[in-house]
Colleague: 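Structure below; questions to follow.
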Amino acid sequence: MAAGYNHVDIEELRKRRIRVANTPKVLNDAVADIAVLLTLAAPRRLREARLSIENGEWMPNDSEWMCGQDITNSTVGIIGFGQIGQTIAKRLKGFDLKQLLYTGHKEKKEGIELGAKFVSLNTLIEESDFIIVVAPLTTETKHMCNEEFFSKMKKTAVFINVGRGEVVDQPALINALKKRTIFAAGLDVMTPEPIPSNHELLTLSNAVVIPHLGTATNETRQSMANLAAKNILRCLAGEEMLTPVV
Ligand SMILES: O=C(O)[C@H](O)CO
């Protein structure tokens, strides 16, 4: 029950003639919502803000205290423009911002229709105030967000990942957050998953980290289960599955 199937050995299954289906589309809205949630939470320093209350450090008389970054009028870059990427872009239109898109595939008319602009990866990294990664894990995307990537980001920029943890060279991200060469990160995915509770990533005040909750709503999990069950029944009946991978 997932859209991504990087955790499944497709070649081996193909060889053994075992059929595989995933559960795309029905989860687009829930994952896009989590992307927007992190795109708001990370720049507004949600983790740090909550901790400040617990630590008795609420400082209402300091006008600069706990200030974050505005999303309105910013430039958001989305890496990966499949169905989830498109759903995120639609939601972000409501924030009056400029959208840059990068896809390893052909430019899609849906992007142009949304008023977004397809650009090179370099342009996206250098010009974005927010970078949202929603790309699947492939041999091309593995560790795509590495030391060089983070070094080209603006110092005030925020990095969001709702795709797969392995798209990011995580030690490079941790380094950038620690040295504050980027402002913050919002992560629904990481390596490994589940992440050990004493992992360094969880100690960083400028990282909002949640445990791969992209599809975790009752409605979406129900739709995913229905789709998976329909695929199984069709497969057993010798019919084409609705969302076949193999
Ligand atoms: O790929 C997906 O569907 C989500 O990330 C859940 O695994």
Side-chain angles (χ1 to χ4, degrees), residues 1-14 18-42 77-92 101-105 108 110 130-145 159-170 173 185-196 199 201-202 207-232 234-235 241-246:
M1 288 194 1
Y5 46 84
N6 53 284
H7 54 298
V8 178
D9 188 342
I10 296 295
E11 274 326 300
E12 189 58 31
L13 291 165
R14 207 188 296 274
I18 295 173
R19 293 166 71 187
V20 184
N22 61 345
T23 59
K25 297 190 182 93
V26 294
L27 45 69
N28 293 347
D29 287 322
V31 180
D33 289 348
I34 279 284
V36 175
L37 180 151
L38 289 171
T39 306
L40 293 171
I78 304 178
I79 299 180
F81 199 61
Q83 294 176 21
I84 301 173
Q86 290 172 36
T87 311
I88 296 171
K90 266 189 222 152
R91 279 161 169 62
L92 291 179
L101 307 171
Y102 173 76
T103 163
H105 307 286
K108 293 189 176 130
E110 288 83 354
F130 297 85
I131 295 180
I132 304 176
V133 177
V134 65
L137 176 63
T138 63
T139 41
E140 287 81 45
T141 62
K142 184 163 186 196
H143 288 183
M144 173 191 213
C145 307
F159 180 80
I160 308 295
N161 189 6
V162 296
R164 284 291 178 266
E166 291 84 351
V167 174
V168 176
D169 173 354
Q170 198 163 269
L173 171 61
L187 308 172
D188 187 37
V189 290
M190 64 224 70
T191 37
E193 288 180 17
I195 196 162
H199 195 284
L201 186 62
L202 304 176
V208 174
V209 184
I210 54 173
H212 204 148
L213 296 179
T215 63
T217 67
N218 293 321
E219 296 85 351
T220 298
R221 287 284 164 84
Q222 186 63 55
S223 304
M224 292 164 79
N226 289 348
L227 178 54
K230 277 188 196 151
N231 278 327
I232 292 169
R234 291 175 81 107
C235 189
M241 294 190 290
L242 296 172
T243 50
V245 171
V246 175

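Each ligand, and each atom within it, is numbered from 1 in the order the structure gives. Quick note: residue numbers are just sequence positions, from 1.
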Colleague: Is the side chain of Asp188 donor-acceptor paired with the backbone N or O of Leu213 at a distance under 3.5 Å, no angle test?
Modeller: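 Flag set: sc Asp188 to bb Leu213 pair under 3.5 Å.
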Colleague: How long is the span from the CD1 atom in Ile79 to the OH atom in Tyr102, to the nearest 0.5 Å?
Modeller: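 Atom-to-atom, Ile79:CD1 and Tyr102:OH are 8.5 Å apart.
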Colleague: Return yes if some donor-acceptor pair links the side-chain N/O of Asn218 with the main-chain N/O of Arg221 below 3.5 Å, else return no.
Modeller: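 Not a single qualifying donor-acceptor pair exists.
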Colleague: Taking only non-hydrogen atoms of Arg164, do any sit less than 4.0 angstrom from ligand 1?
Modeller: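 Right, Arg164 reaches ligand 1.
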Colleague: Under 4.0 Å from a heavy atom of Ala2: give me the atoms of ligand 1 that qualify, with their elements.
Modeller: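 Answer, ordered by atom number: 1 (O), 2 (C), 3 (O), 7 (O).
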Colleague: For Leu27, counting its heavy atoms only, list the atoms of ligand 1 lying under 4.0 Å from any of them.
Modeller: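 Per the distance check, 3 (O).
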Colleague: Take atom NZ in Lys108; do more than 12 heavy atoms of anything else shown fall under 6.0 Å from it?
Modeller: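 For Lys108, atom NZ is crowded (more than 12 foreign heavy atoms under 6.0 Å).
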Colleague: Look at ligand 1 and say whether Met1 reaches it with a heavy atom at a distance under 4.0 Å.
Modeller: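 It does not; every heavy atom stays at 4.0 Å or beyond.
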Colleague: Who's the nearest protein heavy-atom neighbour of atom 7 (O) of ligand 1, and how far?
Modeller: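 Sorting protein heavy atoms by distance from atom 7 (O) of ligand 1 puts His212 NE2, 3.4 Å first.
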Colleague: Between atom NE2 of His199 and atom CD of Gln170, what is the distance when rounded to the nearest 0.5 Å?
Modeller: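 Answer rounded to 0.5 Å: 5.0 Å.
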Colleague: Hey, which atoms in ligand 1 end up nearer than 4.0 Å to a heavy atom of Gly4?
Modeller: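 Counting from 1, the qualifying ligand atoms are 1 (O), 2 (C), 3 (O).
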Colleague: Under the 3.5 angstrom rule, does the side chain of Asp169 hit a backbone N or O of Cys145 as a donor-acceptor pair?
Modeller: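 Answer holds: no.
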Colleague: Any idea which protein heavy atom is nearest atom 2 (C) of ligand 1, and the distance to it?
Modeller: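 The closest one turns out to be Ala3 N, 3.3 Å.
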